[in-house]
Amino acid sequence: MSDDHQIHELAAAYALDAVDDLERARFEAHLPRCSRCTELVAALREAAVDLSSGLETAPPPDLRRRVLAAVETEATPPRRAPRRAPRRAPRWIAAAAAAALLAGTWGVVQLREGDPARQIVSADDAREFTASTEVGTVEVVLSTAHDAAVLRLPDEVGSPPEGQTYQAWFVSADGAARSAGLIDAGLLDDGDVVLEGSPHGAVAVGVTVEPAGGSAQPSTEPFAVIPLG
Amino acid sequence: MGPAQGAGPLLSPTDSNVELSLLLRRVAAQDQSAFADLYDQVSPRIYGLALRVLRNPSMAEEVTQEVLLQVWREARTFDPARGSALAWLMTIAHRRAVDRVRSEEAQSARLHRYEARQEAVPYDSTAEEGEMRIEASRVRRAIDAVGEPHRTTLLLAYFEGLTHREVAERTQVPLGTAKTRIRDGLLKMRTAMAPGGEQ
Ligand SMILES: [Zn+2]
């Protein structure tokens, strides 16, 4: 009961993004079951909106062109797999979770530009962890100095099935999973995938198959689990 | 510099939220012209917040782009029954800005930096660096009306991206106190901002 009591107390900090990744995961697991916290978070987020008022600054004019062009590109390509509607969790929470997932996707893309996979893999403190899985040997290279990890899937791992994606997870000691990013076909081709977010606190990396767009929490059994230690 | 062009409508929350809700509905249907309108309405607000949190124009620009593309992809998950359009948008924006600022610096380094800054100048002045200060008098009044210690707690959490743990450490109060101050600060701010509320 005291655990439960403490989790309610995270509502305000959560509404203001003043929680760490683990607390966020725990609270998001709690939210769908607690109408009191759901209402409080919504009310506090409305209040927090005012904090961003008065700071309005015109972004560089070029940004508009780039954002609209990006949207146009996304709107035109051959049919994308439809994003699956969030299950179970209230929409507001699902949106927050989706935000985390998209952060993952984008983080991966941005990171690749500086070829950080090589930096992490060749870091002085790089440590390798491997696991034999049903798809072959899967490896995670972790650098505490870079606060980052690289996932290496064997070539045998083909593209995910139509309408699905691979998703990596950092798993903490209490079993909580936090998204470490989506792994699409393009990233697979490169071999080394820089995982999104910090491996700090993770005791394992898991990889699951998820609906296109990813999931807030693993929805299938992981096909690979690599213990970090 | 004052509020940028396009920021105007957001100063009357109710009307703008109805308008933004309608725009978001069209964006959810992948209407690109509605998205362009939405961009014009909200990008100064998103960029301004990102700039304030990240203190780096190019990072703020990247975050703004990520936020808006996410809005394009996720507009269908917005549910007006669960909150205002502006709260939905700014929640996404704040979350991304905070995630970015945290990924830029390890926690210890961030704490150290804030402590160093704290020693150099009292927080009240450092919170308002150069052009990134909070300019709108209405909001200023609301934040000021919140009073200390809630005001500093809110500013540390919202603009510096500190977790409640870090806020507690930084302000040297127990964890429970930091959590309570965040909640009470926001509730007080809500009261102060409410139409017809105290200044
Ligand atoms: Zn609760």
Side-chain angles (χ1 to χ4, degrees), chain A residues 9-13 15-21 23 38 40-60 62-64 66-68 70-72 74-75 83 85-86 90-96 98-100 102-103 106-107 110 147 196-198 200 213, chain B residues 1 3-5 7 10 30 32 35-36 39 43-45 47-49 51-52 61 64-66 68-70 72-74 77-79 82-84 86-88 90-92 94-96 98-99 106 134-136 139-140 142 154 157-158 162-165 167 176 179 182-183 186-187 189-190 193:
Chain A
E9 288 179 354
L10 277 179
L16 221 56
D17 296 313
V19 289
D20 62 32
D21 290 340
E23 289 166 335
T38 301
L40 183 58
V41 166
L44 294 177
R45 277 180 170 162
E46 295 295 335
V49 161
D50 294 323
L51 288 166
S52 67
S53 174
L55 298 166
E56 290 87 348
T57 309
D62 187 49
L63 183 64
R64 186 180 199 272
R66 279 185 284 124
V67 169
L68 297 187
V71 158
E72 191 174 355
E74 280 202 9
R83 290 188 69 86
R91 285 177 170 196
W92 179 268
I93 299 152
L102 283 161
W106 277 81
Q110 282 171 356
D147 197 32
E196 164 63 18
S198 164
H200 184 76
Chain B
M1 100 184 57
Q5 208 180 6
L10 298 188
Q30 307 289 278
Q32 291 181 51
F35 181 78
Y39 181 97
S43 64
R45 180 107 176 210
Y47 180 71
L49 174 62
L51 196 56
R52 178 61 185 79
E61 195 177 335
T64 302
Q65 174 160 359
E66 291 167 10
L68 285 155
L69 290 178
Q70 181 176 340
W72 167 255
R73 294 169 188 151
E74 300 294 315
T77 67
F78 167 65
D79 180 353
R82 293 187 180 274
S84 72
L86 195 53
W88 186 79
M90 297 317 292
T91 295
I92 293 173
H94 185 257
R95 167 76 183 275
R96 275 197 177 261
V98 164
D99 282 353
I134 298 160
E135 290 171 22
V139 177
R140 270 219 73 90
L154 285 183
Y158 194 77
L162 297 191
T163 66
H164 63 106
R165 245 169 252 286
V167 169
K179 281 190 279 201
I182 290 174
R183 186 196 62 207
L186 281 174
L187 291 172
M189 199 171 143
R190 182 125 188 98
M193 296 291 293

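Nothing here was measured: the structure is a model prediction, and the numbers come from that model. Numbers restart at 1 for each chain; the letters A, B, ... are given by sequence-line order, proteins then strands. Just so it is clear, the values below take in all heavy atoms, side chains as well, and ignore hydrogens, waters and symmetry mates.
For the pair Glu61(B)/Pro60(A), a side-chain contact is recorded, criterion being any heavy-atom separation below 4.5 Å from C-beta on.
Taking CG of Leu16(A) as the reference point, atom CZ of Arg183(B) lies at 13.5 Å (rounded to 0.5 Å). Between the CZ atom in Arg66(A) and the CG atom in Leu69(B) there is a gap of 10.5 Å [rounded to 0.5 Å]. To the nearest 0.5 Å, the span separating CH2 on Trp72(B) from CD on Glu72(A) amounts to 9.5 Å. Interatomic distance, CZ of Arg45(A) versus CZ of Arg82(B), reported as 12.0 Å (0.5 Å rounding). Taking CG from Leu51(A) and CG from Leu186(B), the interatomic distance works out to 6.5 Å, rounded to the nearest 0.5 Å. In this structure, CG on Asp99(B) lies 7.0 Å from CG on Asp21(A), to the nearest 0.5 angstrom.
Contact record, Asp17(A) with Val98(B): O-CG1, 4.0 Å, taken as the closest heavy-atom pair. Residue Tyr39(B) comes nearest to Pro59(A) through the heavy atom pair OH-CG, 3.7 Å, listed as atom of the first residue, atom of the second, then distance. Of all non-hydrogen atoms in Val49(A) and Ala87(B), the two that sit nearest each other are CG2-CA, 3.2 Å. The two residues Ser52(A) and Met90(B) come nearest to each other via the heavy atoms OG-CE, 3.5 Å. Closest approach of Thr57(A) and Tyr47(B) over heavy atoms only: O-CD2, 3.3 Å.
Of the listed residues (Ala157(B), Gly48(B), Ser43(B)), the greatest number of heavy-atom pairs within a distance under 4.5 Å of chain A belongs to Gly48(B).
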### Message
For a side chain to side chain contact (heavy atoms under 4.5 Å, CB included) check, start with the C-alpha distance between Gln32(B) and Leu68(A), then their side-chain angles and the critical distance, and finish with the verdict.
### Response
CA-CA 8 Å; Gln32(B) 291 181 51; Leu68(A) 297 187; over 6 Å; no

### Query
Which is it for His164(B) and Leu10(A) under the side chain to side chain contact (heavy atoms under 4.5 Å, CB included) test, yes or no, and what are the steps along the way?
CA-CA 9 Å; His164(B) 63 106; Leu10(A) 277 179; 3.4 Å; yes

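Between the side chain of Glu46(A) and the backbone N or O of Ser84(B), at least one donor-acceptor pair lies under 3.5 Å.
When heavy atoms are compared at a cutoff of 4.5 Å, Gln30(B) does not approach chain A at all. For Ala43(A), the part lying under 4.5 angstrom from a heavy atom of chain B is the backbone only.
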